[in-house]
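Here is how names work: the chains are called A, B, and so on, in the same order as the sequence lines, proteins then strands, and each is numbered from 1.
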Amino acid sequence: MKLKKILALLLALCLIVTAAAACGEGKKGEKLKVATSPDFAPMAFVDTSKQGQEQYVGFDMMLARYIAEEMGMELEIMPMSFDACTTAVSMGTVDMAISGFSWKQDREDGFNLSDFYYPGDNESDQVVIVRKEDEGKYTSAGDFNGVKVGAQTSSLQESLCQEQLPGCEIVVVGDLGTALLQLKKGDFDAMAVAKGQADVFMSNDPDVALSGFQFEVDDKYTANVIVMKKGNDDLTKQVNDILKKAYDSGVYGEWYDEAKEMAMSATAQEVTIEDESSSGEDGAEDGSSQLESE
Amino acid sequence: MEQRTELIKTVDLHKSFGKLQVLKGVSETIRSGEVVSVIGPSGGGKSTFLRCLNLLEAPEQGQIFFEGVEITGKKVDIDLHRQKMGMVFQHFNVFPHLSVKRNITLAPTLVKGMSEGDADKKAMELLERVGLADKAEVMPGKLSGGQKQRLAIVRALAMEPDVMLFDEPTSALDPEMVGEVLEVIKGLVETGMTSVIVTHEMGFAREVSDRVLFMADGVIMESGAPEELFSAPKNPRLQDFLGKVL
Amino acid sequence: MDLSQIVPNIVKLLQQYWQVFLLEGVANTLKLTAIAVLFGVILGTLVAMAKMCRFKAVRFMIGVYIEVIRGTPILLQLYIFYFVLSNVFSFLPLTPFMWVALALCINSSAYVSEVIRAGIQAVDKGQTEAARSLGLSGRQAMTRIVLPQAVRNILPALGNEFIMMLKETSLASTFFLGDLMTSYLLVGGATYLRFEALIIVGVIYLCLTFPLSKVVAAFERRMARGTAD
């Protein structure tokens with residue numbers, strides 16, 4: 001009698017637990033939450049003319065939409081600073097972070113990382129940019145002996161400088177926009193960046209140019225990974241399958257060109273401002289009157 | 001002055017601030033209609049004794065009876081008794097955010113439920129009495145020290161108290177203003193108001209008091225009529241004190 | 001560094017993104033600040049009252065609350081609210097904006113409570129004594145005598161808290177909540193004209209805080225004069 005009761009109770013408990021688990025999964029199944037730091041064109045940035053989820057654009061965002069679609073889920077981008085992205089993954093606030101993460105050992109230790117994905121051809125090229133007057137001045141690693149080279153802190157570029165430009169003096173910088181100003185100001189004479197980045201810089205700023213030197217890099221450094229919670233192997237496998245499908249279908253290059261074009265047009269619009277649509281023109285007029293009144 | 005019922009009686013009051021024992025057993029009786037001055041060196045416990053009488057300081061030990069009720073008892077509504085004990089402070093403590101008149105009418109209207117009209121009328125009478133009628137609508141910040149203290153006195157009187165407690169009422173005043181305040185107190189005392197006055201003004205104490213208490217080291221060392229006490233002090237501490245201040 | 005490019009670039013950014021800076025950035029910054037200070041004042045008043053209550057255990061707990069909030073960086077508090085508390089209390093229908101606003105309210109409440117407590121305690125003890133000696137109850141003495149005088153100390157300090165909070169809402173940009181600093185990140189991140197975007201945002205912050213601090217200063221003077229006459 002007693003045994004029966006206990007068995008019944010256990011069974012009931014099992015049912016409740018499974019139901020609860022199913023509920024939890026079902027709830028999560030509706031939305032795929034992705035953390036990103038949308039201040040990093042052309043990977044992830046905001047098209048300020050759009051609203052809501054639509055406004056997040058760039059290569060990583062196209063990838064995120066692709067993954068959500070493949071998984072049959074609704075995508076929810078949660079914007080936050082780059083540092084907060086990984087915190088959000090560990091805390092379970094989001095399912096994954098897609099924000100131009102490169103592969104790093106400590107990242108591999110702390111998280112489940114996806115297979116590599118390739119944001120276009122240019123991204124795998126890592127270059128050194130200089131002020132316009134120094135264009136083409138540095139062609140070999142030896143040319144950088146004693147030269148100050150800026151690189152983002154704990155970035156791929158910093159590692160590359162350490163490995164391939166042993167004679168240079170590395171100046172660690174924070175965000176790239178500021179670093180660009182530092183380069184122009186003369187805080188350092190060269191700066192290691194991804195080629196795609198360099199292209200955006202050069203399209204906006206006639207004062208920077210390529211140094212003539214290019215790093216030799218392999219996949220581990222150039223490609224990006226998606227960051228997921230440690231131990232979330234099912235999701236990781238699912239994502240890897242989707243990445244493989246994307247790679248095989250050859251959409252990466254297409255996405256990347258599109259993202260880069262959007263990023264470049266973000267600053268080059270003053271040319272087109274005259275012949276914009278009516279609503280845009282209103283905005284521009286208001287903008288300039290605003291300016292005059294200041 | 002023969003209706004000598006006991007108005008305030010203290011029994012063996014003790015009070016300390018931290019380790020410092022300020023009152024070491026004070027037993028004293030103030031009778032109705034009596035004017036009692038308390039003199040003595042600074043730190044002798046005069047002000048603390050006075051502040052214990054309306055429980056602004058709570059004694060640690062001992063009892064205080066006011067009009068026959070033990071106000072140190074547990075279930076006593078002290079607010080009720082304080083209404084009948086007016087107090088005047090060294091630093092006036094007029095309410096700076098209220099007009100002179102409102103300083104006076106606040107407590108009667110709020111605590112006693114007096115109507116605004118009656119309170120206003122009474123306030124004007126009182127202000128007239130101390131020569132401040134023309135300042136009724138002024139903010140207290142515009143008054144001199146002597147005027148502030150006169151205001152503080154009538155503010156207390158507006159509650160029609162049975163006893164007035166004065167805590168060094170002229171100590172914070174410029175010398176030229178001491179006289180005007182003493183005049184007001186003197187006038188009040190002459191109406192028969194029971195008063196306990198802590199003061200350093202020996203001449204004044206001698207002139208107005210029925211009885212003078214000499215306090216030092218937390219106890220009342222000598223008490224008596226002013227003539228005796230000032231002319232023929234018995235206690236050596238009092239002799240020493242008078243030798244210094246007179 | 002080529003300074004000649006900066007002004008044209010700023011003009012360019014303003015023409016293209018003025019709505020992002022002014023309509024979204026300024027509006028959200030003011031919204032966050034107003035919410036934080038308003039609820040911070042309400043909550044802070046309660047906290048200040050609890051801090052002055054007669055129960056030692058309550059005073060101790062409130063003391064811990066105030067010390068923890070004032071002793072930790074506001075960014076850390078935002079992380080705790082955004083990641084930890086929103087997870088623990090996931091059944092609450094709060095948006096990220098609300099979680100951050102809540103964190104700012106809590107943060108503000110700790111500072112405001114100390115402002116209120118200090119304002120009350122700065123009122124001369126003699127005022128309470130005089131009121132009590134006239135037979136006013138403790139509550140009457142507080143509401144009729146102490147608080148009206150404390151307000152003169154408190155209001156200008158609250159004005160300063162508003163200005164402080166206006167700047168601290170910039171931390172909401174950690175989660176891209178649309179405040180002014182977020183406008184900088186968005187525009188700077190899309191155009192790589194970060195320095196120019198920074199200047200624009202800086203000027204806007206100044207345009208907000210400078211008049212406010214003037215108002216607070218004028219208010220302080222009026223309050224001081226009010227006590228004098």
With a 4.5 angstrom heavy-atom cut-off, is it the side chain or the backbone of A:Val46 that approaches chain C, or both, or neither? both
A:Asn112 side chain to A:Met228 main-chain N or O, any donor-acceptor pair under 3.5 Å? no
Using only atom types and a distance under 3.5 Å, with no angle test, would you say the side chain of C:Ser170 pairs donor to acceptor with the backbone of C:Met181? no
Aromatic centroids of C:Phe97 and C:Phe175 separated by under 6.0 Å: no
Side chain A:Arg107, main chain A:Ser102, donor-acceptor under 3.5 Å: yes
A:Phe201, part contacting chain C, at a heavy-atom distance under 4.5 Å: side chain
Considering residues at least two apart in sequence or located in another chain, which fulfil the side chain to side chain donor-acceptor pair (under 3.5 Å) criterion with A:Asp205? A:Lys184
Sub-4.5 Å heavy-atom contacts with chain A: which residues of residues 80-87 of chain C show up? C:Tyr82, C:Phe83, C:Val84, C:Asn87
Go through the side-chain N and O atoms of C:Ser183 and C:Glu24 and say whether any donor and acceptor fall under 3.5 Å apart. no
Measure from the side-chain N and O atoms of C:Thr29 to the backbone N and O of C:Asp179, and report whether any donor-acceptor pair falls under 3.5 Å. no
Whether A:Asp207 and A:Arg131 form a salt bridge (side-chain N of Lys/Arg under 4.0 Å from carboxylate O of Asp/Glu) is what I want to check. no
For each of C:Leu185, C:Val20, C:Leu186, C:Asn9, tally heavy-atom pairs with chain A at distances under 4.5 Å, and name the one with the top tally. C:Leu186
Which atoms of A:Asp47 are under 4.5 Å from chain C, going by heavy atoms: the side chain, the backbone, both sets, or neither? neither
